[in-house]
Amino acid sequence: MRAFTGTQVREAERPLLAAGQGPALMRRAAWGLAEHVAAVLRARGRVSGATVAALVGTGNNGGDALWALAFLRRRGVEAVAVPVVRDDDGAPRWHAEGAAALRAAEGRVADAVPARAAVVVDGILGTGARGALTLPAAARDLPAGAVVVACDVPSGADADTGGVAGEVLAAAHTVTFGAVKTGLLLGAGAAAAGRVHLVDIGLGPHLPPEPRTGLHGVDRAAVRRLHPAPAPDAHKYTRGVVGLAAGSQRYPGAAVLAVGGALGAGAGMAHLAGPAAAQDLVLAAHPAALASADGPEPDRADAWVVGPGLGADAEARARLERVLDAVSAAGREPAGAPAVVVDASALELVTAEQLTALAASGARVVLTPHAGEWARLRDRLPVAGAKDADAGGAGELERLRAWAAAHRVTVLLKGPRTLVAAPDGEAWLMRDGGPALGTAGTGDVLAGVLGAVLAADRARAVRAGGPSPAAGRPSTAALAAAAAWLHARAGTGPAAGRGAVADALPAAVGTVTAALWWEDDGRE
Ligand SMILES: NC(=O)C1=CN([C@@H]2O[C@H](COP(=O)(O)OP(=O)(O)OC[C@H]3O[C@@H](n4cnc5c(N)ncnc54)[C@H](O)[C@@H]3O)[C@@H](O)[C@H]2O)[C@@H](O)CC1
Ligand SMILES: Nc1ncnc2c1ncn2[C@@H]1O[C@H](COP(=O)(O)OP(=O)(O)O)[C@@H](O)[C@H]1O
């Protein structure tokens with residue numbers, strides 16, 4: 001699934017409208033809307049005899065709602081249209097053909113939503129909305145039991161950004177046309193949209209094809225492609241070696257969690273570079289891991305994870321520098337630079353110059369801040385267009401894109417939903433997971449999972465004859481989204497265990513990864 005801004009969808013519609021297909025598109029959209037409303041009615045009892053009211057605005061969004069009422073009327077529904085704008089002479093200001101269709105179907109017009117309405121369709125505003133909305137009186141006093149179904153976009157939400165500048169009419173369902181709008185997935189718009197249903201109206205061939213436009217969604221099929229099962233002749237080095245500069249005397253546990261994440265996601269080898277306290281704990285928890293002061297030889301690591309539990313002292317800084325040196329040294333070798341995950345403490349330490357050097361080395365670089373780390377990164381390493389703080393939504397996506405582009409790194413922003421943006425603008429949204437993951441240490445596991453996914457990709461590329469990120473290799477942003485999906489699934493599935501989620505998470509990642517890789521291969 002890929003989501004597009006309302007503006008991109010309007011662009012895609014333009015040639016079809018110019019070719020006179022507007023009315024056909026509208027009827028297709030309205031038919032899909034009517035189908036979903038009928039499904040809501042069926043779930044509540046019956047369709048015929050039920051009352052559906054629509055709040056109808058002045059534009060095509062209102063036109064969709066009027067046509068949908070007309071279709072529903074033909075299925076025995078009592079269809080009531082409530083115009084939200086009237087001209088001085090009292091005549092409703094609305095889509096003339098839609099109104100004619102409703103009249104022909106013997107629908108009614110009223111000034112308020114009847115108390116018996118089982119469903120209220122919100123056809124006030126769609127992608128044509130500009131600026132703040134003040135809800136019309138008829139939208140303020142809806143019957144308590146009525147289910148609100150938004151037509152295309154909840155009125156008041158910006159279809160591009162998910163921002164809500166004024167008031168918004170919250171819906172239980174949004175039936176959207178042509179493509180899912182980014183404003184339905186982000187920020188306040190996502191909260192107001194409820195469940196989103198897509199109706200195909202034939203816009204597909206007209207939507208922008210490039211990966212850097214739109215917002216990609218990640219699912220199981222995508223993750224299977226991005227993090228495939230090891231080849232039958234795989235061995236530990238061809239599956240990917242992850243080096244982890246993690247854990248310190250003060251925070252040794254983070255090393256255990258990060259190494260566990262890497263092993264759970266199927267790394268061929270996970271090798272800790274850390275102090276004795278962290279080494280001991282890691283080996284006690286994961287006998288399969290390696291642990292030493294310096295980690296793998298520079299030419300052995302396919303990916304480095306730096307940061308979990310590193311701390312902020314001079315030693316932490318020196319450990320970060322050692323990893324970055326190893327990466328640039330390896331970048332000069334034929335196999336090319338290993339990937340780097342910059343997480344946790346390393347996000348507080350890394351400098352703009354270091355990011356520039358990493359980008360120049362050709363390494364895949366992913367920074368994994370949570371909201372607090374992200375705010376500090378933007379303060380410490382400011383970028384035009386990434387600074388101003390507004391509430392959530394695609395404003396946030398655009399800031400992420402601007403920052404990623406300026407520093408030429410991929411950024412994975414953690415939180416209740418995970419957003420990934422690449423320097424070229426490619427962006428992914430991962431909405432799996434849940435509050436079960438909101439405990440200390442789960443981010444450390446994610447860093448390890450991401451290290452394993454990136455290491456596997458590099459090892460595959462080296463085996464195939466060259467690590468160049470171009471030709472046929474997945475994008476860094478896609479790999480990061482895949483890692484976030486594995487982590488989220490592990491955190492919410494039955495394998496996650498109860499209570500101390502982070503401790504149980506590496507094993508749960510292993511269960512999810514094994515199911516992803518082996519479940520269809522005919523073995524028990
Ligand atoms: N054009 C077409 O053929 C198609 C249109 N579609 C529908 O058309 C919608 C877009 O229609 P429109 O472009 O007519 O736009 P809208 O119906 O979203 O808005 C119509 C009018 O509302 C007013 N308005 C804008 N912002 C306002 C605010 N903040 N407060 C009060 N009034 C405001 C403006 O006068 C604007 O022109 C889509 O969301 C979709 O529902 C779909 O049926 C697909 C096909
Ligand atoms: N409410 C939530 N819903 C979904 N995912 C969540 C939620 N809260 C936290 N997470 C996920 O859990 C992880 C927490 O990471 P982080 O804040 O870095 O934890 P820590 O630093 O303690 O390891 C992230 O992957 C984040 O996306």
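Start at 1 and go down the list; that is how both ligands and their atoms are numbered.
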Participant: Of the listed options (Asp152, Val153, Ile124, Val84), which comes nearest to atom 39 (O) of ligand 1 when hydrogens are ignored and any heavy atom counts?
Facilitator: Asp152
Participant: Under the side chain to side chain donor-acceptor pair (under 3.5 Å) test against Asp160, which residue among Thr127, Thr7, Thr182 passes?
Facilitator: Thr7
Participant: State whether Asp219 and Arg224 are salt-bridged, where the test is any N-O pair (Lys NZ or Arg NE/NH1/NH2 against Asp/Glu carboxylate O) under 4.0 Å.
Facilitator: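 No, Asp219 and Arg224 are not salt-bridged.
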Participant: Tell me the contacting part of Asn61 for ligand 1: side chain, backbone, both, or neither, using a 4.0 Å heavy-atom threshold, strictly below.
Facilitator: both
Participant: Taking the side chain as every heavy atom from C-beta outward, state whether Asn61 and Ile124 have any atom pair closer than 4.5 Å.
Facilitator: no
Participant: Output the set of protein residues with a heavy-atom contact under 4.0 Å to ligand 2, ordered first by chain identifier and then by residue number.
Facilitator: His370, Lys414, Gly415, Pro416, Thr418, Gly433, Gly434, Pro435, Leu437, Gly438, Ala440, Gly441, Thr442, Gly443, Asp444, Leu446, His487
Participant: Applying a 4.0 Å heavy-atom criterion (strictly less than), which segment of Ile201 is in contact with ligand 1: side chain, backbone, both, or neither?
Facilitator: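 Looking at Ile201 and ligand 1, just side chain atoms fall under 4.0 Å.
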Participant: To the nearest 0.5 Å, how far apart are CG in Leu349 and CZ in Arg319?
Facilitator: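 Going from CG on Leu349 over to CZ on Arg319, the span is 11.0 Å.
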Participant: Under 4.0 Å between a side-chain nitrogen and a carboxylate oxygen: does that hold for Glu13 and Arg10?
Facilitator: no
Participant: Quick one: look at Ala132 and ligand 1, take heavy-atom pairs under 4.0 Å, and tell me if it's side chain, backbone, both or neither.
Facilitator: backbone
Participant: State whether a side-chain donor-acceptor pair under 3.5 Å links His173 with His36.
Facilitator: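 On atom types as modelled, these side chains do not qualify, holding no pair under 3.5 Å.
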Participant: Looking at Arg140 and Glu167, is there a salt bridge between them, counting it only when a charged N and a carboxylate O are closer than 4.0 Å?
Facilitator: yes
Participant: Between Thr58 and ligand 1, which part of the residue brings a heavy atom under 4.0 Å of the ligand: side chain, backbone, both or neither?
Facilitator: side chain
Participant: Could you name each residue pair satisfying salt bridge (Lys or Arg N to Asp or Glu O under 4.0 Å) that touches residues 475-487, not counting sequence neighbours?
Facilitator: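 Output for this query is empty, none listed.
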Participant: Would you say the ring centers of Trp374 and Trp403 fall short of 6.0 Å from each other?
Facilitator: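 Between Trp403 and Trp374, which both carry aromatic rings, the centre distance is below 6.0 Å.
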Participant: Tell me: protein heavy atom nearest atom 23 (C) of ligand 1, and distance?
Facilitator: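 Result for atom 23 (C) of ligand 1: Leu125 CD2, 3.9 Å.
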Participant: If we only count N/O pairs under 3.5 Å, is Ala29 in contact with ligand 1?
Facilitator: no
Participant: If you measure every N/O of Cys151 against every N/O of ligand 1, is any gap under 3.5 Å?
Facilitator: no
Participant: Regarding atom 44 (C) of ligand 1: of the candidates His95, Glu13, Met26, Arg14, which has the closest heavy atom?
Facilitator: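 Minimum heavy-atom distance to atom 44 (C) of ligand 1 goes to Glu13.
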Participant: List the closest protein heavy-atom neighbour of atom 42 (C) of ligand 1: residue, atom name, distance to the nearest 0.1 Å.
Facilitator: Asp64 OD2, 3.4 Å
Participant: Rounded to the nearest 0.5 Å, what separates atom CG in Leu244 from atom CG in Leu310?
Facilitator: 11.5 Å
Participant: Given that the side chain starts at C-beta and the backbone is N, CA, C, O, which of these parts of Leu17 lies under 4.0 Å from ligand 1, counting heavy atoms, or is it both or neither?
Facilitator: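 Side chain only.
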